[in-house]
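A, B, ... follow the sequence lines: proteins, then strands. Residue 1 opens every chain.
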There are 2 protein chains.
Amino acid sequence: MKPSKKHCLTQQEIEEQLRGAGVQPTLQRILICQFVLCEADHPTAEEVHLWAEKNLAKISLATVYNTLNTLVDAGLLKELKFPHSDKVIYDDNMEEHYHFLDRKSGKLFDIAKGDVKISAQLAKQFQIQGFDLLINGNYQRDLKKGGSL
Amino acid sequence: MKPSKKHCLTQQEIEEQLRGAGVQPTLQRILICQFVLCEADHPTAEEVHLWAEKNLAKISLATVYNTLNTLVDAGLLKELKFPHSDKVIYDDNMEEHYHFLDRKSGKLFDIAKGDVKISAQLAKQFQIQGFDLLINGNYQRDLKKGGSL
DNA sequence: TAGGAGATTAGAATAGTTCTAAACTTAGAT
DNA sequence: ATCTAAGTTTAGAACTATTCTAATCTCCTA
Ligand SMILES: [Mn+2]
Ligand SMILES: [Mn+2]
Ligand SMILES: [Zn+2]
Ligand SMILES: [Zn+2]
């Protein structure tokens, strides 16, 4: 059970994705995509920048922000903000979905929309268009099956 | 149907509330409470400050922040943050409740917890402790009964 | 009616992000 | 291959919301 690489893409595939989204595939953008599209899990801009520094790339912080914003505008990334932090986090899961926040670690987990049912009985003035839901609680790794507390 | 004053309190009552919560009822704090507990609806610190300036009180911005934080710590106010804005908003509704955001106006409405049912079928690793829910959509004021679109 | 805790204040500091404007790179058009 | 214009990267300044600092002020109490 190794740290699942999610979806690994070759440099070629990343370049195609960028071009397909109308974004020039520069060296910096390809590198950042390698991280945010393949490796990272809900990273912040700061984390992207730190990763770049450690991985043979000196990319300015401005470029990190520029690139992340470009990817968001191109529809390859979503920008999210949660109440427990001031930092924007970037999400490569483009499905509509919710999140679970582990209070202890601060780690976020994707929750499929279908796993949650929300029904609201509101006055008819309220025309609902969408829900932002953050579930918070405790994430218990390594839980044995049928474990009593 | 006038702009319902929610719950109007006399200066005496405010002083009692403050003292009861272990907070010294200074002039500045009483004034700010008059606004946040009686008049305002999900205000930001900036709005509290602007209101003070217009209402015969020159209160420094630092005091506005100090007071709001004091009221939060004393349990008279809740501090909320939503994804559509960087500013903290203060909520005098101390019941657990959700919010509806009108996309057009940016206005927030309280939604009673009982009006919404949330049920999540998650893996047992996820031990749910609470939900942060923001419903967004369109608020249609002055809706006639049985209105077709 | 002093002493001292606590409150207020102006302004500096901070954090995350965006802006500015100059330098660099690239993609075409010759 | 060369030129040019458009697009990209960059360092650092600017910006916004909030907190901190440290001096002054207020108010309770002995
Ligand atoms: Mn953005
Ligand atoms: Mn606070
Ligand atoms: Zn996600
Ligand atoms: Zn509320």
Student: Write down the distance between CD1 (Ile32(B)) and C1' (dT9(C)), rounded to a whole number of angstrom.
Tutor: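 For the pair Ile32(B) CD1 and dT9(C) C1', the rounded distance is 13 Å.
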Student: Write down the distance between CG (Leu80(A)) and P (dT17(C)), rounded to a whole number of angstrom.
Tutor: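 So the two atoms are 13 Å apart, to the nearest Å.
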Student: Rounded to the Å, how far apart are Asp73(A) CG and dT18(C) C1'?
Tutor: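 So the two atoms are 13 Å apart, to the nearest Å.
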Student: Mind calculating the distance between CZ (Arg19(A)) and C1' (dT26(C)) to the nearest angstrom?
Tutor: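 Checked: the CZ to C1' distance equals 12 Å.
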Student: Expressed in angstrom and rounded to an integer, what is the separation of Lys87(A) atom NZ from dA17(D) atom C1'?
Tutor: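 It works out to 16 Å between those atoms.
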Student: At 10 degrees resolution, what angle do the end axes of the helix from dT1(C)-dA30(D) to dT30(C)-dA1(D) form when each is taken over five base pairs?
Tutor: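 The angle separating the two end axes equals 10°.
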Student: Could you list all N or O pairs between the protein and nucleotides 21-24 of chain C that sit under 3.5 Å apart?
Tutor:
none

Student: Measure the distance from OH on Tyr90(B) to P on dA17(D) and round it to the nearest whole Å.
Tutor: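 From Tyr90(B) OH to dA17(D) P: 12 Å.
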Student: Is a side-chain donor or acceptor of Lys124(B) paired with a backbone partner of Gln140(A) at a separation under 3.5 angstrom?
Tutor: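 Checked: no pair found.
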Student: For Glu95(B), is there any backbone N or O sitting under 3.5 Å from a side-chain donor or acceptor partner on Lys78(B)?
Tutor: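 Yes.
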Student: Would you check if Asp41(B) and Lys107(B) make a side-chain contact, meaning some heavy-atom pair closer than 4.5 Å?
Tutor: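 Touching, per the 4.5 Å side-chain cut-off.
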Student: Is Tyr65(B) close enough to dT18(D) that one of its side-chain N or O atoms is under 4.0 Å from OP1 or OP2 there?
Tutor: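 Tyr65(B) to dT18(D) OP1/OP2: side-chain N or O found under 4.0 Å.
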Student: Could you tell me the separation between the CG atom of Asp86(A) and the P atom of dT18(D), rounded to a whole number of Å?
Tutor: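 After rounding, the reported distance stands at 9 Å.
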Student: Before you tell me yes or no, could you show the steps for Asn55(A) and Gln34(A) under side chain to side chain contact (heavy atoms under 4.5 Å, CB included), namely the whole-Å CA-CA distance, both residues' side-chain angles and the distance that decides it to 0.1 Å?
Tutor: CA-CA 11 Å; Asn55(A) 283 69; Gln34(A) 240 142 46; over 6 Å; no
Student: With distance as the sole test, does Glu15(A) use its side chain to make a donor-acceptor pair with the main-chain N or O of Gln12(A) at under 3.5 Å?
Tutor: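 Such a contact is absent between Glu15(A) side chain and Gln12(A) backbone.
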Student: Please list each protein N or O that sits under 3.5 Å from an N or O in nucleotides 5-10 of chain D, with the distance.
Tutor:
residue	atom	partner	partner atom	Å
dG7(D)	O3'	Gln24(A)	OE1	3.4
dT8(D)	OP1	Arg29(A)	NH1	2.6
dT8(D)	OP1	Arg29(A)	NH2	3.3
dT9(D)	OP1	Thr26(A)	OG1	2.5
dT9(D)	OP1	Gln28(A)	OE1	3.1
dT9(D)	O3'	Gln28(A)	NE2	3.2
dT10(D)	OP1	Lys58(A)	O	3.3
dT10(D)	OP2	Ser60(A)	N	3.1
dT10(D)	OP2	Ser60(A)	OG	3.4
dT10(D)	OP2	Thr63(A)	OG1	2.6

Student: Expressed as a whole number of angstroms, how long is the span from Glu15(B):CD to dC27(D):P?
Tutor: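 Value for this atom pair: 12 Å.
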Student: If you look at every heavy atom in Pro83(A) and Asp132(B), which pair is closest and at what distance?
Tutor: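 Scanning both residues completely, I find the closest heavy atoms to be CG-OD2, 3.7 Å.
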Student: Go through Gln28(B) and Asn66(B) one step at a time and tell me if the side chain to side chain contact (heavy atoms under 4.5 Å, CB included) criterion holds.
Tutor: CA-CA 11 Å; Gln28(B) 289 89 340; Asn66(B) 288 344; over 6 Å; no
Student: Any idea how Phe126(B) and Phe100(A) line up, ring-wise: parallel (<30°), tilted (30 to 60°), or perpendicular (>60°)?
Tutor: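 Correct class here is perpendicular.
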Student: Verify, without hydrogens or angle tests, whether Glu53(A) (side chain) and Leu50(A) (backbone) share a donor-acceptor contact under 3.5 angstrom.
Tutor: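 No, the answer is negative, given that no donor and acceptor are paired below the 3.5 Å cut-off.
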Student: Assign the ring pair His42(A) / His99(A) to parallel, tilted or perpendicular, where the plane angle (0 to 90°) is split at 30° and 60°.
Tutor: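 His42(A) vs His99(A) ring planes: perpendicular.
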Student: Assess the side chains of His84(A) and Asn136(A): does a donor N or O sit below 3.5 Å from an acceptor N or O?
Tutor: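 Per modelled atom types, His84(A) and Asn136(A) side chains form no pair under 3.5 Å.
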